[in-house]
Engineer: 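Please see the structure below; I have some questions.
Here is how names work: the chains are called A, B, and so on, in the same order as the sequence lines, proteins then strands, and each is numbered from 1.
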There are 2 protein chains.
Amino acid sequence: MSAKGDLAFIPLGGTGEIGMNMNVYRCDGALLAIDCGIGFGDAANPEVEVMMPDPAWLVARKAQLRALVITHAHEDHIGAIAWTWPLLGCPVYLSPFALAVAKRKLAERGITGARLLPLAPGTRIELAPFTIEAIHVAHSIPEAYALAIRTPHGVVLHTGDFKLDPDPLIGPPTDEAALAALGEEGVLAMVCDSTNALVEGHSGSEADVRRSLAALVRGLSGRVAVTCFATNVARVESVALAAKAAGRRVVMAGRSLRNIVAASAETGYLRKLPPFIEEQEAGYLPDDALLLLCAGSQGEPRSALARLAADSHPHLAVGEDDTVIFSSRVIPGNERAIMKVQDDFARRGVRVMTAEDHAVHVSGHPARDELRRIYRLVKPRFSVPTHGEYRHMAEHAALAEEAGAETIILEDGDVLRLAPGGLKVVDSAEVGRLAVDGERLLALSGAALAARRRMLVNGAVMASLVLDGSGRLLAPPAVSAPGLFDDEREVAALAARLGAAVGDLPGAIRRDDDALREAARGALRRAVNQELHKRPAVEVHLLRVSV
Amino acid sequence: MSAKGDLAFIPLGGTGEIGMNMNVYRCDGALLAIDCGIGFGDAANPEVEVMMPDPAWLVARKAQLRALVITHAHEDHIGAIAWTWPLLGCPVYLSPFALAVAKRKLAERGITGARLLPLAPGTRIELAPFTIEAIHVAHSIPEAYALAIRTPHGVVLHTGDFKLDPDPLIGPPTDEAALAALGEEGVLAMVCDSTNALVEGHSGSEADVRRSLAALVRGLSGRVAVTCFATNVARVESVALAAKAAGRRVVMAGRSLRNIVAASAETGYLRKLPPFIEEQEAGYLPDDALLLLCAGSQGEPRSALARLAADSHPHLAVGEDDTVIFSSRVIPGNERAIMKVQDDFARRGVRVMTAEDHAVHVSGHPARDELRRIYRLVKPRFSVPTHGEYRHMAEHAALAEEAGAETIILEDGDVLRLAPGGLKVVDSAEVGRLAVDGERLLALSGAALAARRRMLVNGAVMASLVLDGSGRLLAPPAVSAPGLFDDEREVAALAARLGAAVGDLPGAIRRDDDALREAARGALRRAVNQELHKRPAVEVHLLRVSV
């Protein structure tokens, strides 16, 4: 690929699927990385809890890497920092709020030495041949940035996640003046959020949610629990203000909430609120004087909200005539889990309110009217939809073309040349996914996770044979079959069948390790397949003893 | 429990969660079973593909069981017949259509000797002390029945799944005259479908869907693919008629569709349609002369529709400017899978139409206006909401109380006395879930499935030690660790660590099998836990050889 003399955009994750953003710009051979997000496993990948894009392509070229820039502190943009940074070792530019979040993530893994450099809107950072400038945008988290990336080949606007909220409550609205000025300067390409490209109209304002939450909570008696995304600090503040106006003290439940609130306090947010009280103190307050702010809006089974729903929380409880408000959206894939939590509440007489029946949530991403406006302001020559399923990016591309931009829809790993010449995919970068597995990363396509997926359906069989040189069994075979039988006697029967099968083999095979191992494996496979119609992974340990 | 002298309703499955219906009525000690459905695994039970309620309680009392009655041929009511009947061995009453479906299911498992007895509306079957009478109801499948169950203690109406469709297209509308007559006769209790108790208004008519499908297909050029629930024979007919009106021949793709269409033909449905053509012939027809009717509306990865979307179908293909219509609903839990299929279509330029943007689906369950009407007709003294999540049953109960019925919300296993005296849970029946695992049933709570769930997260370790009586290792330990390492060298290192650990043990332990096994297990556990922060199931095979 012509690494010299061009400007290219290379999505390593996030394009074609929500979450796990990892983007790279290449200019005259130099590289700039934007974001390093995580995603979560689902029914299709039950063996994975947390996954991230494989940065191998970038790691192999880290000598060319000038920096990693984080647009904002959502998990799908910053979540992999403690895994990715040690592999890249480059300086990291990010907002003070994101910096506070990143510091926590690095500390949790005991990672030291990361150069985290605060990035402020309006100041230009020289990372030759790149010059980056952060432009403040409104989003469902404090200090979200779009990035103006100036290069010898032209200017790119990387929007990150944003919306055009006239009253975002925390921080100013999206800096439309800066975007317009950039548009006047001339923008070669805009790489833009597609999440809500299927949604007509406007995403609405956090201020509307604040008003309706206040009215809602004021009208409620009994205990009130509210769940929202911890990172939506404006929402957390709205809940706290609604509680205050209704004469309720706020109890905060959930690690993710406490982490973000701590990071918010460090960086100057949520300071004018009455102090939250401890879970243990909740019991001493009358129900009407209490509001429980809980993590777990996605139905996470171990979350504070799920425990509250199942009445298994050590300190907090709700019941008959209490109310729980889901001030959040349903992330696709979490429907059943959320439904279960809501059902657990309903079963115990707790009123459940959601965005479906009350105005308690707005999205942090631009709906179609907002996208149209951003195109009017920025007037990019090229538009590269990112951050969405294919349909979102396709709808976004159609809208961008109406707005006069030339567009292309990418898959992860496409190396898209932006200049010189028109949009062209000129190469492909290796992409993949890594699962965070305990304290290490495993390739989703690797042997270990493949074995787990197989064992989930087929179980496993292990047999041990101890023989002398002539192939005579010196002890009865030992067999284990985890995941296959509820009754140990069936395992014993399998061992007996194996012993008989080995006994029947001709001496030549019993003397040959590979042949014998294969024969034993085959015998076990046939036995299990006949009996259970299963194809387990079969391991045979052959131990030769000379007597 | 007083089994004598009472009438009781006992849900063994289906109450509190959609699917897996298995209900029992007990009258003066005699039992009557209604339906035996299956459900499907999800993120919470990744190790399960198909599950069913554990009929153990019923099996233990099968001497008292008069019959099993199937209300209709949906999987969540009939799906477990080939597993449940052999355990019960009782006569089975069901509609001719359901009988044709059941015959296939029994034949697929090679089950013979089942007494399948056709049940026709209006005729009374004496199963003393029960007298059952089928009442035809409209539903999204042919020949669905509500059951009037007459007993010495009073009349129960078990509605099964139904709707009040003025024009269900196949079969007559719900027999409201029969329901009204029953209401005049006096109904002690109605056990009623709650699925759509949260939906205001009316569920709509299949006839509306037929009209809009016809208009939609007539207006389309290029290839058209439609997916719907195979069991919705009226819908299949509507699709075929829409194709005919648009001059398109229908290709049917998918085993479930072919099975149901065959059962339909046997029982007199879909006869007036032009014959479907074979997948292999599709290629010879111009695109505008073709309609592909595909199974897989829930995004099942191996379905005809998923293959069509991924362009991996052996005979059929769609592409740029073709259209796929989802004439179906999204069953909760399938969102991500369906989204993926729709995205695969979009990626290749195929237009995707769903019930969200076109009038191509109506539910087969009663919305609130229909529920209100059924209560006006039947005027039950007691109402027992069933078939729904808790919130559905709670909303249904509130509606039933407005309609003047006394209600109670049950959990699976509750033994609800209907007479004598008022509604009262007097006992609880053992309930559980069985997973269909290859050719047998496994308890979801059993050791085998527990081991698989554990191995999915933690992998497994097996080690073999061969020693002489004094505990001297006669060969290096053999270790396997499926699901833990991508690199075999790490497994070898684990084996070496085990060998060293065993070598360091005092002779007394090495001579004692149990102590040695425990020590070896501990050493492996510690090694894996230190290195990977994992807690795998560890099996150690100890083989003693006297030399």
Engineer: Do the non-hydrogen side-chain atoms of B/E539 and A/M462 ever get within less than 4.5 Å of each other?
Structural biologist: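 No. Closest side-chain heavy atoms not under 4.5 Å.
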Engineer: Considering only heavy atoms from C-beta outward, does the side chain of A/H541 approach that of B/H541 to under 4.5 Å?
Structural biologist: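 No. Closest side-chain heavy atoms not under 4.5 Å.
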Engineer: Could you check whether any side-chain heavy atom of A/D437 comes within less than 4.5 Å of a side-chain heavy atom of B/K534, counting everything from C-beta outward?
Structural biologist: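 Yes, side chains in contact.
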Engineer: Side chain, backbone, both or neither: which part of A/R454 has an atom under 4.5 Å from a heavy atom of chain B?
Structural biologist: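 Neither part.
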Engineer: For A/N458, does its backbone N or O pair with a side-chain atom of B/R452 as donor and acceptor, under 3.5 Å?
Structural biologist: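 Looks like no, no N/O pair under 3.5 Å.
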Engineer: Against chain B, label A/P476 side chain, backbone, both or neither, depending on which of its atoms sit under 4.5 Å from a heavy atom there.
Structural biologist: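 Just the backbone, heavy atoms under 4.5 Å.
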Engineer: How about CZ on A/R109, more than 12 heavy atoms from neighbouring residues, nucleotides or ligands closer than 6.0 Å, or not?
Structural biologist: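 Check passes, neighbour count above 12.
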Engineer: Assess whether atom CD of A/E356 is packed by more than 12 heavy atoms of other residues, nucleotides or ligands within 6.0 Å.
Structural biologist: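 Check fails, neighbour count at 12 or below.
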Engineer: Could you look at A/Q342 and say if it's the side chain, the backbone, both or neither that has a heavy atom under 4.5 Å from chain B?
Structural biologist: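 Its backbone and side chain both get close to chain B.
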Engineer: Can you tell me which portion of A/R391 sits under 4.5 Å from chain B's heavy atoms? Options are side chain, backbone, both or neither.
Structural biologist: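 For A/R391, the contact with chain B is made by backbone and side chain together.
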Engineer: Top residue by heavy-atom pair count (under 4.5 Å) with chain B, among A/P301, A/A478, A/A394?
Structural biologist: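 Option with the top pair count is A/A478.
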Engineer: Which pair of heavy atoms, one from B/A451 and one from A/P482, lies closest together, and at what distance?
Structural biologist: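 Closest pair (atom of B/A451, atom of A/P482, distance): CB-C, 4.2 Å.
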Engineer: Please find the pair of heavy atoms, one from B/A346 and one from A/Y390, that lie closest to each other, and give the distance.
Structural biologist: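 What the structure gives for the nearest pair is O-CE2, 3.3 Å.
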Engineer: Report which part of A/D344 has an atom under 4.5 Å of a heavy atom belonging to chain B: side chain, backbone, both, or neither.
Structural biologist: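 For A/D344, neither part sits under 4.5 Å from chain B.
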Engineer: May I ask you to name which of A/R453, A/H533, A/E335 has the most heavy-atom pairs under 4.5 Å with chain B?
Structural biologist: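 Max contact count across the listed options: A/E335.
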Engineer: Using a cut-off of under 4.5 Å on heavy-atom pairs, state which of B/R440, B/E439, B/E49 scores highest against chain A.
Structural biologist: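 Of the candidates given, the most pairs with chain A belong to B/R440.
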Engineer: Measuring heavy-atom distances to chain A, does B/V479 have an atom under 4.5 Å in its side chain, in its backbone, in both, or in neither?
Structural biologist: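 B/V479 touches chain A through backbone heavy atoms alone.
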Engineer: Might you point out which heavy atoms bring B/P46 and A/L456 nearest each other, and give the distance in Å?
Structural biologist: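 What the structure gives for the nearest pair is O-CD2, 3.6 Å.
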Engineer: With a 4.5 angstrom heavy-atom cut-off, could you sort out which part of B/A463 is near chain A: side chain, backbone, both or neither?
Structural biologist: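 The backbone, not the side chain.
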Engineer: Heavy-atom pairs under 4.5 Å with chain A - which of B/A450, B/A448, B/G438 has more of them than the others?
Structural biologist: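 Highest number of heavy-atom pairs under 4.5 Å: B/A448.
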Engineer: Tell me, out of B/A443, B/A337, B/G41, B/G446, who's got the most heavy-atom pairs with chain A below 4.5 Å.
Structural biologist: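 Ranked by contacts with chain A, first place is B/G446.
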